[in-house]
Amino acid sequence: MVVSTAEFKKGLKIQFDGQPYSIVDFQHVKPGKGGAFVRTKLKHMKQGRVIDNTFRAGEKVELVDFEDKHMQFMYRDDRYHFMDTETYEQISLSEGEVGDARDYLKENVEVDVLYIDGAPAGVEVPNFVELTISHTDPGVRGDTAQGGTKPATLETGVVVQVPLFLNEGDVVKVDTRTGDYLGRVSVAG
């Protein structure tokens, strides 16, 4: 299937130079003289790198033939293991195939595994996850008036900045797109 640059939107998956890309950002530009064009940021769907490209207005691009399968993350050894929630079929992916999603994967979390041409190509985690703080320095009593932050290591190994009053064992909500702390879900104990 083919789309025009007028139909571009964030998240659209297109073929560019024979490779699958997802549109991260785009801007229609109409200069004073010359033809209009569309400036885009494209993220490679398998390798994760981001490139800039300019398309002429009205240019046609092909859509990527992809499929999202809803799966459950089971466990990790030297690979990441997932199970299809409908067929109970299991697959394993390498660290490179999982990409940045590995920072937010904990057992039994539901994810979407992206298939391109029938082969798994990437993992999309939910926008928000709840994770337990496994290590952080203790907060000092009365040290929260200025709204300072400290690094905290979560159960998956990712480090995020959290307010000073949080302690080990607290469960926090994190935005997986930015890695930002959003709030405390429950207190330890």
Side-chain angles (χ1 to χ4, degrees), residues 8-13 20-27 40-52 66-76 79-86 91 93-115 120-189:
F8 276 9
K9 60 184 177 206
K10 289 182 181 178
L12 187 69
K13 294 164 177 52
Y21 285 91
S22 175
I23 296 176
V24 176
D25 199 15
F26 69 98
Q27 178 183 17
T40 61
K41 276 192 187 308
L42 304 172
K43 182 175 182 180
H44 196 285
M45 292 170 63
K46 293 181 180 175
Q47 299 166 351
R49 70 173 192 262
V50 177
I51 63 168
D52 293 321
F66 76 96
E67 177 185 6
D68 275 331
K69 285 191 179 179
H70 200 65
M71 295 195 164
Q72 182 179 39
F73 175 64
M74 294 171 42
Y75 64 94
R76 174 185 183 222
R79 294 178 66 82
Y80 293 80
H81 299 270
F82 299 88
M83 178 182 69
D84 190 317
T85 54
E86 292 175 13
I91 63 165
L93 301 176
S94 69
E95 193 169 314
E97 291 170 318
V98 173
D100 293 339
R102 69 180 170 271
D103 291 340
Y104 304 102
L105 287 176
K106 69 177 189 176
E107 289 184 9
N108 300 325
V109 73
E110 306 246 330
V111 298
D112 286 325
V113 176
L114 181 70
Y115 278 76
V123 176
E124 293 179 14
V125 291
N127 290 340
F128 308 105
V129 293
E130 294 176 3
L131 299 169
T132 305
I133 296 175
S134 62
H135 176 74
T136 188
D137 295 331
V140 179
R141 199 175 222 354
D143 200 9
T144 58
Q146 301 305 317
T149 61
K150 62 183 178 180
T153 304
L154 304 182
E155 63 186 294
T156 59
V158 68
V159 177
V160 297
Q161 292 293 321
V162 299
L164 295 170
F165 62 84
L166 292 178
N167 297 307
E168 290 180 10
D170 289 351
V171 178
V172 295
K173 188 175 193 177
V174 178
D175 186 331
T176 60
R177 297 165 294 187
T178 61
D180 292 341
Y181 160 84
L182 297 174
R184 179 167 60 182
V185 177
S186 68
V187 179

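Scope of the values below: all heavy atoms of this structure, side chains included, with no hydrogens, waters or symmetry mates.
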> Taking side chain as C-beta onward, heavy atoms only, is Asp175 less than 4.5 Å from Phe128?
Replying inline: yes
> Can you find a pair of side-chain heavy atoms, one from Thr85 and one from Glu110, that are under 4.5 Å apart?
Replying inline: yes
>> To the closest 0.5 Å, what do you measure between CD1 (Ile23) and CG (Leu12)?
In response: 4.5 Å
>> Within this structure, what is the CZ-CD1 distance for the pair Arg184 and Ile133, rounded to the nearest 0.5 Å?
In response: 9.0 Å
> Does the side chain of His70 pick up a donor-acceptor pair with the side chain of Glu86 at under 3.5 Å?
Replying inline: no
> How far apart are the closest heavy atoms of Val113 and Pro120, and which atoms are they?
Replying inline: CG1-CB, 4.1 Å
> Can Glu155 and Glu107 be said to form a side chain to side chain contact (heavy atoms under 4.5 Å, CB included), step by step?
Replying inline: CA-CA 11 Å; Glu155 63 186 294; Glu107 289 184 9; over 6 Å; no
>> So does Lys106 get a backbone contact from the side chain of Thr156, meaning a donor-acceptor N/O pair under 3.5 Å?
In response: no
> What's the spacing between Leu154 CG and Asp170 CG if we round to 0.5 Å?
Replying inline: 11.0 Å
> NZ of Lys13: more than 12 outside heavy atoms within 6.0 angstrom?
Replying inline: yes
>> Looking at Asp112, is its backbone amide N or carbonyl O close enough to the side chain of Glu124 to form a donor-acceptor pair, meaning the two atoms are under 3.5 Å apart?
In response: no
> Just how far is it from atom CZ of Phe8 to atom CD of Gln27, taken to the nearest 0.5 Å?
Replying inline: 13.5 Å
> In terms of ring plane angle, is the pair Tyr80 and Phe73 parallel, tilted or perpendicular, where the classes change at 30° and 60°?
Replying inline: tilted
>> Quick check: closest heavy atoms across Thr176 and Pro126, and the distance to 0.1 Å?
In response: OG1-O, 2.7 Å
> Taking Ser134 for the side chain and Thr153 for the main chain, is one N or O donor matched with an acceptor at less than 3.5 Å?
Replying inline: yes
>> Looking at Lys41, I'd like to know if its NZ atom is crowded, meaning that more than 12 non-hydrogen atoms belonging to other residues, nucleotides or ligands lie closer than 6.0 Å.
In response: no
> Closest heavy-atom contact between Thr132 and Gly169?
Replying inline: CG2-O, 3.7 Å
> How many angstroms lie between CD1 in Ile51 and OG1 in Thr40, if you round to the nearest 0.5 Å?
Replying inline: 7.5 Å
> So, for Pro151 and Thr136, which heavy atoms are closest and what is the spacing to 0.1 Å?
Replying inline: O-OG1, 3.1 Å
> How about Lys150 and Val162: do any of their side-chain heavy atoms sit closer than 4.5 Å?
Replying inline: yes
>> Let's go through Leu166 and Tyr181 carefully: what are the C-alpha distance in whole Å and the side-chain angles of both, what is the deciding distance for side chain to side chain contact (heavy atoms under 4.5 Å, CB included) to 0.1 Å, and is it a yes or a no?
In response: CA-CA 11 Å; Leu166 292 178; Tyr181 160 84; 3.5 Å; yes
>> I'd like to know if the side chain of Lys173 and the backbone of Gly183 have a donor-acceptor N/O pair within less than 3.5 Å.
In response: no
>> Quick check for you: to the nearest 0.5 Å, what is the distance between Phe82 atom CZ and Ile91 atom CD1?
In response: 6.5 Å
